[in-house]
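Scroll down for the structure; my scribbles are underneath it.
Keep in mind that the numbers below use all heavy atoms, side chains included, and drop hydrogens, waters and symmetry copies. All chains are named by letter (A, B, ...) in the order of the sequence lines, taking the proteins before the strands, and each is independently numbered beginning at 1.
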Number of protein chains: 2
Amino acid sequence: MREFVKVNEAIEDYLKTIYNIQDEHGKVSTTMLAKQMNIAPSSATGMIKKLARLNLVTYEPYRGIQLTSHGRKVALEVLRHHRLIELYLVEALGMRWDEVHHEAEKLEHVISKSLIERIDSYLGHPAVDPHGAPIPDRHGKVESTPGVKLADLKSGQCGVVSEVNDRDSEMLRYLAELGIFPNARIKVLNIAPFQGPMSISIEGEERLIWIELAKSIFVKLLPENTEGCRDNQQKNKNVSDNL
Amino acid sequence: MREFVKVNEAIEDYLKTIYNIQDEHGKVSTTMLAKQMNIAPSSATGMIKKLARLNLVTYEPYRGIQLTSHGRKVALEVLRHHRLIELYLVEALGMRWDEVHHEAEKLEHVISKSLIERIDSYLGHPAVDPHGAPIPDRHGKVESTPGVKLADLKSGQCGVVSEVNDRDSEMLRYLAELGIFPNARIKVLNIAPFQGPMSISIEGEERLIWIELAKSIFVKLLPENTEGCRDNQQKNKNVSDNL
DNA sequence: TCTCATTTTTAGGTGCACCTAAATCCAGTT
DNA sequence: AACTGGATTTAGGTGCACCTAAAAATGAGA
Ligand SMILES: [Mn+2]
Ligand SMILES: [Mn+2]
Ligand SMILES: [Mn+2]
Ligand SMILES: [Mn+2]
């Protein structure tokens, strides 16, 4: 039950990935972990054993894994680093939102506590990163804003974009082109059957997006009689500058 | 003679260290390298062979090593990263000059070309880092400002501090207390014999410093009849804010 | 020219994070 | 209850950057 395990970059990346899978799918299997991390399943098994030995996950062979509270804490620290760094790079250095994930992926492991706190202060203790993901606080508290997939809306429904997947930078560039970023208002006009494209309206513009893409976009549903749901004006000023 | 070798963190640190030793002592021996890097001499031999295989150094067993032009280029890139990062952390995030070396030591290896250029622009393409070390430009050009060790001045001589060693953060805190940083004017009042302390005047204040410490401080010699050499006023505003 | 302390290399490890191939387990049919 | 395909673990590697101990080369002084 030792509190201070020395955690290296590999361990941090595993824990972060485990956290994300657990967050999205509930349970974490060896194969899912291996797939996300682009390693062979046997490599994942090896590392899982190590994480279990370090009390960072609980592991029952063949039954999957779960973060311990300590493992969760470490994961949230890394996530905090990642998201603060992303936002800092956008806000302070004018990087594009499709560049910062890759950069943060490395920086998150090497930045000191002291530097991360300075960045947090500089940004005014922000709540979300440039892609809408919540930033855990210094003590490991996060408010997970669930939201629904845009793909799950019915035609006629409206939502405010809350978060988009940040891993695919080509996709992010495309979304920016469409005007889709956190706080943008979207109305679903029409959904073609059989996995067809979805027709939506953003800022008055009608657009077609592939249904698979709509699964990477999370929105907060708005009541259908909302004023904004009719005319789709959109007051987002946050990220739109940096595209 | 391939131009694009994949260079990892270990290699970068070796090349940087080799560059520094070469800069200071002319030639680079296995033992000196091992000592600087805190590794066993046999480990250095191993890595040297690898660097030679990659055409980053020339190596004749038992005779020491030398950077190739390609190795030198990589070393200067890392040094550029290191120094720009140090300055950025001081200027943009208000870190103290004794904190930034440690931080830069990690960041230098993981920051992208694109980010480093943004940092360089933000800072206005600066010439020196917070400790007075010259920053190589994007193409690997450096102006090595030689300067002399403060320890080598005779009593009565004056100089402007050009650079201080940045590795020992305790020393840097002490120097800041004394008012010694780049651009500070120093007059040597008296030198006690037999490695004794040196009495100097900084900003009108008289101070005693250990001769060993004076070997880590580089100055540009001023003619003895310089106006500033008499009254020691000092107009430095750069780094003095961040102590 | 020989001697010997110092420098440097060689020999033979270690732990780490990964791999492929081969076993083994598991769960949902038949 | 036996079968079977997919998931998972085990077995046996690799390359990397480090280590200690031992051997070999160097070069400065006798
Ligand atoms: Mn990472
Ligand atoms: Mn993000
Ligand atoms: Mn380094
Ligand atoms: Mn420096």
Ignoring hydrogens and angles, write down the donor-acceptor pairs under 3.5 Å from the side chains of residues 78-87 of chain A, residues two or more places apart or on other chains.
residue	atom	partner	partner atom	Å
Arg80(A)	NH1	Pro136(A)	O	3.0
Arg80(A)	NH2	Glu117(A)	OE1	3.0
Arg80(A)	NH2	Glu117(A)	OE2	3.2
Arg80(A)	NH2	Asp120(A)	OD2	3.3
His81(A)	ND1	Glu108(A)	O	3.0
His82(A)	ND1	Glu108(A)	OE1	2.7
His82(A)	NE2	Glu86(A)	OE2	2.8
His82(A)	NE2	His101(A)	ND1	3.0
Arg83(A)	NH1	Pro134(A)	O	2.7
Glu86(A)	OE1	His131(A)	ND1	3.0
Glu86(A)	OE2	His101(A)	ND1	3.3

Rounded to whole Å, please give me the gap between [atom1] in [X] and [atom2] in [N].
X: Lys35(A); N: dG6(D); atom1: NZ; atom2: P; answer: 12 Å
X: Ile39(B); N: dT20(D); atom1: CD1; atom2: P; answer: 11 Å
X: Leu51(B); N: dC18(D); atom1: CG; atom2: P; answer: 11 Å
X: His109(B); N: dA17(D); atom1: NE2; atom2: C1'; answer: 14 Å
X: Met32(A); N: dT9(D); atom1: CE; atom2: C1'; answer: 17 Å

Write out a two-atom table: protein N or O, nucleotide N or O from nucleotides 14-16 of chain D, distance below 3.5 Å.
none

Contact summary for Thr68(B) and Asn55(B), nearest pair of heavy atoms =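 Looks like OG1-O, 2.8 Å.
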
inquiry  = Please give me the minimum heavy-atom distance between Arg96(A) and Asp98(A), naming the atom from each residue.
reply    =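 The pair with the smallest heavy-atom distance is NH1-OD2, 2.7 Å.
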
ask   = Would a distance-only check, ignoring hydrogens and angles, find a side-chain to backbone donor-acceptor pair under 3.5 Å from Gln22(B) to Leu67(B)?
value = yes

ask   = How many angstroms lie between CE in Met95(B) and CG in Leu89(B), if you round to the nearest 0.5 Å?
value =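 These two atoms lie 5.5 Å from each other.
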
task = Using the test side chain to side chain donor-acceptor pair (under 3.5 Å), find all partners of Glu103(A) that sit at least two apart in sequence or belong to another chain.
result = Ser112(B)

List, one per line, each side-chain donor-acceptor pair under 3.5 Å for residues 32-51 of chain A, sequence neighbours excluded.
residue	atom	partner	partner atom	Å
Gln36(A)	OE1	Arg167(A)	NH1	3.0
Thr45(A)	OG1	Pro41(A)	O	3.3

Pull out every protein N or O sitting under 3.5 Å from an N or O of nucleotides 9-11 of chain C, one pair per line with the distance.
residue	atom	partner	partner atom	Å
dT9(C)	OP1	Tyr59(B)	OH	2.2
dT9(C)	OP1	Tyr62(B)	N	3.3
dT9(C)	OP2	Thr30(B)	OG1	2.9
dT9(C)	OP2	Thr45(B)	OG1	2.7
dT10(C)	OP2	Lys49(B)	NZ	2.3

query = Under the ring pair (Phe, Tyr, Trp, His ring centres under 6.0 Å) test, which residues partner Tyr122(B), sequence neighbours left out?
reply =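 Scan of Tyr122(B) (ring pair (Phe, Tyr, Trp, His ring centres under 6.0 Å), adjacent residues dropped) gives Tyr88(B).
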
